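All ligand and atom numbering here is 1-based and tracks the order in the structure. This is a predicted model, so every value here is computed, not measured.
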Amino acid sequence: MKSILEETKYIIKKYGITANKNLGQNFLIDDENVNKIIESASITKEDLIIEIGPGLGTLTKELVERAGKVIAIELDDRMIKILKDRFYLYSNFELLHQDILKVNLTEIIQKNKENEQIKSVKIVANLPYYITTPILMKILEAKLDINSITVMVQKEVADRITAIPGQKKAGAITYSVYYYAIPTQITFVSKDCFLPSPDVDSEVIQLTIRKKSIVKVKNEELFFKIIKASFMQRRKTLLNGLMNSEIIKTKEEGEEILKKLGISNNIRGESLTIEQFAEIANLINNV
Ligand code: SAM
């Protein structure tokens, strides 16, 4: 059997493809890492898999063999032609020529769940890195009826997403993801595993969607606004961050809230736990 590198080179030559950097096109060419992604997603015939950015179809080829159904969403016309040819014979394959950020995923999932064979929905992708955060936040915020998201992302983004809230590597995205899902690191992937090779290393991560929310938040919009404000100016205290973004009107108002929670006035947002952010948001919401 041909290796993924040989297969990729053959397809690229046959269709005269040059990778489009603006679309984040770095094709995975490493057999071992493709296997790791597929295995960690634990795919069964009862799964609908939504693949974002299938590209030349390297992951797609494994997905269509294992899943009940695969819906692949790709923006680049040239990839659409290749994918149509490559998976023509698969009745469980559907291709959407669309921008992932504009697709109505809720509708797609609802429609496909009417099919009795489909019991769960999983997202699998080697993501286009230029829109990693918008894609993940769109999926999470929409509260889709899905079980997990298994994706390749840039190593630094993986480190942030899988950091422990309240500890050093955490950022606003750590809390946002943690609110909706349990993140785990699956495997490190060197830049040499892609064609063309990107400037950065990567990592596969898995987000298991929480069935029950980890904290009770009365006003989600306010909760996320407070987290964003705290990390916008990391070096400032939480109170200054909240004042600057006009979430609280006076310092005294903030001090009162921190006192109720037994938190020091000098605390920086970055050292708060998600539970503390939730308590602060709920108290500000009541004011
Ligand atoms: N899955 C392939 C692989 O692993 O080799 C390709 C991954 S490549 C990192 C990202 C893919 O996302 C490319 O095929 C690119 O054309 C596609 N893409 C970029 N922007 C997109 C968007 N807004 N919507 C859907 N697909 C997009």
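Under the 4.0 angstrom criterion for non-hydrogen atoms, Lys102 is not in contact with ligand 1. Not a single heavy atom of Leu101 sits less than 4.0 Å from an atom of ligand 1. Within the 4.0 Å heavy-atom cutoff, Glu51 counts among the residues contacting ligand 1. Within the 4.0 Å heavy-atom cutoff, Tyr130 counts among the residues contacting ligand 1. Ligand 1 lies nowhere less than 4.0 angstrom from a heavy atom belonging to Val103.
Set against the non-hydrogen atoms of Leu75, the atoms of ligand 1 under 4.0 Å away are 21 (C), 22 (C), 23 (N), 24 (N), 25 (C), 26 (N), 27 (C). Close approach of ligand 1 to Ile131 (heavy-atom distance below 4.0 Å) involves ligand atoms 23 (N).
Within the 4.0 Å heavy-atom criterion, the part of Pro54 lying near ligand 1 is the backbone and not the side chain.
The protein non-hydrogen atom at the shortest distance from atom 12 (O) of ligand 1 is Gly53 CA, 3.2 Å. With hydrogens left out, the protein atom closest to atom 14 (O) of ligand 1 is Glu74 OE1, 2.8 Å, a heavy atom. Of the protein's non-hydrogen atoms, the one nearest atom 23 (N) of ligand 1 is Asp99 OD1, 2.9 Å. Of the protein's heavy atoms, Gly24 O, 3.1 Å lies nearest to atom 9 (C) of ligand 1.
Taking 4.5 Å as the limit, every side-chain heavy atom of Asn285 sits out of range of all side-chain heavy atoms of Val217.
Salt-bridge formation is not detected for the pair Glu221/Lys225: no Lys NZ or Arg NE/NH1/NH2 atom is positioned less than 4.0 Å from an Asp or Glu carboxylate oxygen.
Below 3.5 Å of separation, one finds no N or O of Leu59 facing any N or O of ligand 1.
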